[in-house]
Every structure is written in C-alpha cells, then in structure tokens.
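Counting starts at 1 for both ligands and their atoms, following the listed order.
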Amino acid sequence: MSENAYVIIGSEYSPFSVKVRSYFRYKNIPHEWRQRTLANMAEFQKYAKLPLIPLVVGPGEEALQDSTPIIEKMERRFADPALQPPSETLAFLSALIEDYADEWVNKPMFHYRWWADEDQIAVAKGLARGMNPAADAAKIDEMAVSIRARMVPRLRFVGSSEQTKPVIEASLDNLLALLEAHLANRAYLFGARPALADFGLFGQVNGCLQQPTTERMIRGHYPRTLDWLERMQDPKADGAFEEWETLAATLGPLLKSEIGNLYLPWSLANEKAVADGEETFTAHLSGQDFTQQISKYATKSIQVLRNKRAAITDRRDLDAILAENDCLQPLVLVD
Ligand SMILES: N[C@@H](CCC(=O)N[C@@H](CS)C(=O)NCC(=O)O)C(=O)O
C-alpha cells in the first residue's frame with residue numbers, strides 16, 4: 001500500500017486518529033499519515049472492517065482498527081521507548097486514565113462540537129474541507145450543510161442532551177482545571193515522558209481546540225494545557241517517569257472527581273443496563289440524572305480494566321490509591 005511500513009488513514013478532526021498518529025511519532029515508527037477523503041474512500045473501505053478511523057494498514061496489508069489495541073500491538077513490535085511507567089501501579093493508572101479519556105472525555109469533546117451553531121458551522125466546514133481538499137468554496141459549503149445535518153442528531157449517541165449538558169460541561173471545566181494544576185510541574189501526566197494516558201487525553205482535549213467555544217476556553221485560561229497539547233503533537237522523552245508520591249497531590253483529584261465519581265459510576269450503570277437488555281439507562285452523577293442510550297463498547301473496556309487489575313500480583317499500592325479515589329469497587333472482578 002505504501003513504501004512506508006505503516007499507513008494511518010485518519011482525520012485531523014478525529015481524536016482517536018490524532019492519538020494514534022502522536023503515538024507513532026513518539027515511537028518513531030515509520031508511517032505515512034493519509035487524510036481520509038472522498039477520493040480515497042474506496043481504498044479505506046477495502047481495508048476497514050468497521051466504518052471507523054483511524055485505520056492502520058501495515059506490512060503485508062495487515063489492517064488494524066481501534067486505537068488502544070493498535071497501540072498495544074505496536075508496543076509489542078516497537079518496545080523502545082517503553083510507553084508505560086515501569087511500576088505496575090502507575091501503568092494501570094495510566095491505562096485507566098486512557099480509558100476514561102476515550103469513553104468519557106469524548107462526551108464533552110463531541111458535545112461542544114455539535115451543540116452551539118457557531119461550533120456546528122465551524123467543525124462541519126473543517127470536516128468538509130478535509131474530506132474534499134480540492135473542492136471550491138460553494139461545494140465545501142454545500143457539503144458542510146449535509147455533514148452538520150447528519151452529525152447534530154448523533155449528539156444522543158454520546159448522551160448529550162439538555163438534561164446531561166450541565167454534567168458534561170462541568171466535567172470538562174473540572175478536567176481542564178485539574179490538568180492545568182498537574183502540568184504546572186511536569187511536561188507530561190506521569191513525568192518527563194508521555195505515557196498511554198497522555199495519548200488518550202491528548203486526542204480528546206486536542207479535539208476541543210478545534211471548535212470555537214472550547215478553543216476559547218483553553219486558549220483563554222489553560223496555558224500549560226495548551227503547551228502540553230502542542231508538545232503532544234510530536235512528543236519526546238525528556239527524562240524519567242515520576243513515582244506516585246510526587247504525582248498524587250494533583251493526579252489524585254482527577255482520579256477521584258472525574259473517574260471515581262463520574263466515569264466509573266456511569267460505566268457501571270451502562271453495564272447493568274446492557275446486562276438487563278435495556279436500550280437506555282440513567283446514571284446518577286453529581287446529584288443529577290444522566291440518561292443516555294447504552295454503549296456495548298464501554299462494557300468491554302471496563303472489563304478489560306478489571307482483567308488488567310486482576311493480573312497484577314501485588315496490588316496493595318494500587319488498591320490503596322484506587323480505594324482512596326473511589327475507583328476500587330467498580331474495578332474488582334466479579335465472577
Ligand atoms: N474505539 C475506536 C473509536 C474510533 C472512532 O470512534 N472513530 C470516529 C472518529 S474519532 C469515527 O470513525 N467515526 C465515524 C466517521 O468518522 O466516519 C478507537 O479507539 O479507535
């Protein structure tokens with residue numbers, strides 16, 4: 001498919017694509033970034049099993065989808081520099097934050113993208129340009145109208161509604177404030193080099209930089225987070241990972257308020273609804289009802305985290321951190 005070993009077919013507007021590209025750059029994996037366009041749609045469809053980006057096509061035309069398994073597979077092929085901190089405790093916390101980014105932070109990113117007219121118009125135009133770089137202005141405007149009409153109703157897929165808006169928006173405010181504090185003393189989430197958590201969060205928060213409302217928030221109030229987003233475009237190892245002792249003061253509050261009190265309770269309610277054969281569910285988050293349609297994917301990702309935790313032989317430190325931050329009980333494997 002390419003003289004380069006790997007081709008990443010994606011979009012600047014796709015958080016999961018940008019996440020994978022940042023990882024490939026960090027690991028120095030030879031690759032070509034190919035924007036998915038109308039012109040190469042047939043090529044994309046030839047390899048893609050699911051209509052989702054990113055799609056990575058590797059040597060021997062091996063087609064890979066789903067950002068976390070892609071990264072895990074590449075990690076086995078390209079071991080240096082190691083993606084995760086050497087401590088099993090920190091490696092688990094990094095995987096937990098990545099999962100939260102993919103499954104929860106995607107909500108505010110997508111919500112702000114398609115909620116207000118200003119954002120809908122700007123993003124639809126950007127997507128139209130990306131899909132058809134050679135088109136003239138009139139054609140772009142025409143495509144943007146149809147993209148906007150198609151995407152706005154999809155807000156419900158991530159649970160964005162008048163009812164859930166306050167929780168979703170407060171969560172992004174909280175995350176950005178906590179990230180800003182945490183990044184005051186370090187270049188990346190776990191120290192002087194990026195970990196899996198950075199790539200996941202980068203994808204979603206970078207998406208927030210591409211839509212006027214959240215772009216104004218980030219540029220206006222969160223300069224360190226902005227620097228981190230810029231670094232994450234092409235991240236470099238610039239020192240060691242830290243230990244929990246130095247991370248705890250500012251990373252603990254993120255675990256507790258975002259993951260322990262929002263993401264995991266949401267995920268448990270979703271899991272129960274899927275098991276009960278429901279189509280929608282209501283979680284009680286921040287004292288408010290949060291109703292949305294079920295996500296089968298999220299039931300798999302919480303199970304993956306439980307299995308990861310169960311595979312750690314000495315879990316004393318990890319479990320103490322998880323318990324302190326309201327994250328332990330949802331992550332205990334139940335037979
Ligand atoms: N779990 C997947 C999610 C991928 C995903 O949702 N991709 C979105 C864009 S960010 C997509 O392809 N949506 C349909 C489309 O753009 O055609 C991953 O981690 O790669």
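Protein residues are said to neighbour a ligand when one of their heavy atoms lies under 4.0 Å from it; for ligand 1 these are Ser14, Pro15, Phe16, Arg36, Pro51, Leu52, Ile53, Pro54, Asp66, Ser67, Tyr297.
Defined by atom type and a distance below 3.5 Å, a donor-acceptor pair is missing between the side-chain atoms of Ser87 and Glu243. At a cut-off of 3.5 Å, with distance as the only test, no side-chain donor of Asp234 or Tyr26 sits close to an acceptor on the other residue. Counted by atom type alone, Trp266 and Gln292 present one or more donor-acceptor pairs between their side chains at under 3.5 Å.
When atom types are taken as modelled, the side chain of Glu180 and the backbone of Thr225 share a donor-acceptor pair closer than 3.5 angstrom.
The side-chain tip of Arg193 does not point at the ring of Tyr188 from less than 6.0 angstrom away and within 45° of straight on.
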Mind listing the side-chain donor-acceptor pairs of residues 124-140 below 3.5 Å, one per line with the distance, residues two or more places apart or on another chain?
unit_1, atom_1, unit_2, atom_2, d
Lys125, NZ, Asp141, OD1, 3.4
Asp136, OD1, Ala138, N, 3.3
Asp136, OD1, Lys139, N, 2.9

